[in-house]
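The next block holds one structure in the form of structure tokens; read it before the comments.
In this chain, numbering begins with 1 at the start of the sequence shown. Worth knowing before you read on, the calculation uses all heavy atoms, side chains too, and leaves out hydrogens, waters and symmetry mates. Remember, it's 1-based here, ligands and their atoms both numbered in the order they're listed.
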Amino acid sequence: PKKEPLSCSNPFEFDHHGPRPTYPRKANATFLTLARNSDVEGVIHSMKQVEGRFNKDRHYPWVFLNDKPFSEEFIACTSAATASRTYYGQIPREQWVQPDFIDEEKATKARKAMSKIRGVYYADSVPYRNMCRFYSGFFYKQPLLQNFKYYWRVEPDINYRCEIEYDPFLYLQDNNKSYGFTISVPEQYETTPTLWDTSMEFFNKNPRYLDPNNAMRFASKDGGKTWTRCTYWTNFEIGDLDFFRESEGYNKYFEHLDAAGGFYYERWGDAPMHGIAVSLLLDRDRIHHFDDFAYEHTAWEQCPDPSTPAYERGRCTCDYKNSMAVKWKR
Ligand code: GDP
Ligand code: MN
């Protein structure tokens, strides 16, 4: 049946010229978008990017998650923005709200103190903390994801500025990779003063979870004493849900962090948490940098080197000079 947008001012129009490619192979995979109803415009923007640069002929489905029921408008507009199937789920309350064991007085004091520090985003926000905790310990437990193996995380207001000419899900599958990222950035000190020590507490007690060929050097240059603060920027992620679902180490590590309360007493993010977990629990050969992707969010960007064939072939519209790899080179 043909889907009609209800009240969407800006419905996605398919832009097909010439013969449409067909793809003989497909992975068991989905896009994953957490969003509020008020994010609908940014979500449609992101869907246009992903559909236009990659998915229009591949037809991977979309899973949308929200802590509240999705509005009719959100459902109508997002389902009109893709020819693929779309699924909508509501996160169980206990996987979203601040847990009862958190001392609210202590948490409030910590938020107030953090908001006095300049340059700390979301210092005073409880929902942002809920979101970070959710993406750390609960996204992969959602019923809508149980039948999928791979996920590709998509946030509102992102841009893909080159064609994505191969299937990154199949890339992970065929090369035995579990986790893929584009941009890596250091986490701010103020949001995570005790995250590393709390993490090391866990891994010192449970060294059996450390992969013998792990990427510890990404997280620590001195064998675990201090943290590099390096993280993968998790608003882009393509990963294997089985790693999160089946890794006892990952789940025990999350429980340890959760019990320590730092998601609320500090503002531990899912990026530092995933970064430490992926670096320590996985064989480093299972981590992949999608360095040929042109990805941008909130003015942070990865753009491939124009001297590489990927740039021209990908009809890229990004500027290499804006790439973090260039801008941040010291
Ligand atoms: P930033 O990229 O770190 O600035 O954070 P965002 O505001 O983009 O939030 C990250 C992701 O979580 C986005 O996909 C948001 O739509 C989503 N998100 C953030 N807060 C909430 C919330 O309170 N409820 C829901 N349902 N989604 C949220
Ligand atoms: Mn964002």
Exercise. Has Y128 got more than 12 heavy atoms of other residues, nucleotides or ligands less than 6.0 Å from its OH?
Worked result: yes

Subject >> Parallel, tilted or perpendicular, as decided by the 30° and 60° cut-offs, for the rings of F169 and Y150 >> reply: tilted

Sorted by chain and residue number, the residues with a non-hydrogen atom under 4.0 Å of ligand 1 are L34, A35, R36, D39, N66, D67, W96, Y122, P127, Y128, M131, E155, P156, H297

Measure SG to SG for C303 and C318 and state whether it is below 2.5 Å. yes

* **Whether D157 has an N, O or S atom under 2.8 Å from the Mn ion (ligand 2)** => no

**Message:** Regarding D124 and R129, does a basic nitrogen lie under 4.0 Å from an acidic carboxylate oxygen?
**Reply:** no

Plane angle bin for F31 and Y60 - parallel if under 30°, tilted between 30 and 60°, otherwise perpendicular
perpendicular

* **CA sep, side-chain torsions, deciding dist, call: L172, F290, side chain to side chain contact (heavy atoms under 4.5 Å, CB included)** => CA-CA 10 Å; L172 294 190; F290 284 103; 3.9 Å; yes

To the Mn ion (ligand 2), the closest N, O or S atom belonging to H297 is NE2

Between Y295 and the options F54, F181, F236, the ring pair (Phe, Tyr, Trp, His ring centres under 6.0 Å) test singles out F236

The Mn ion (ligand 2) -> E155, closest N, O or S atom is OE1

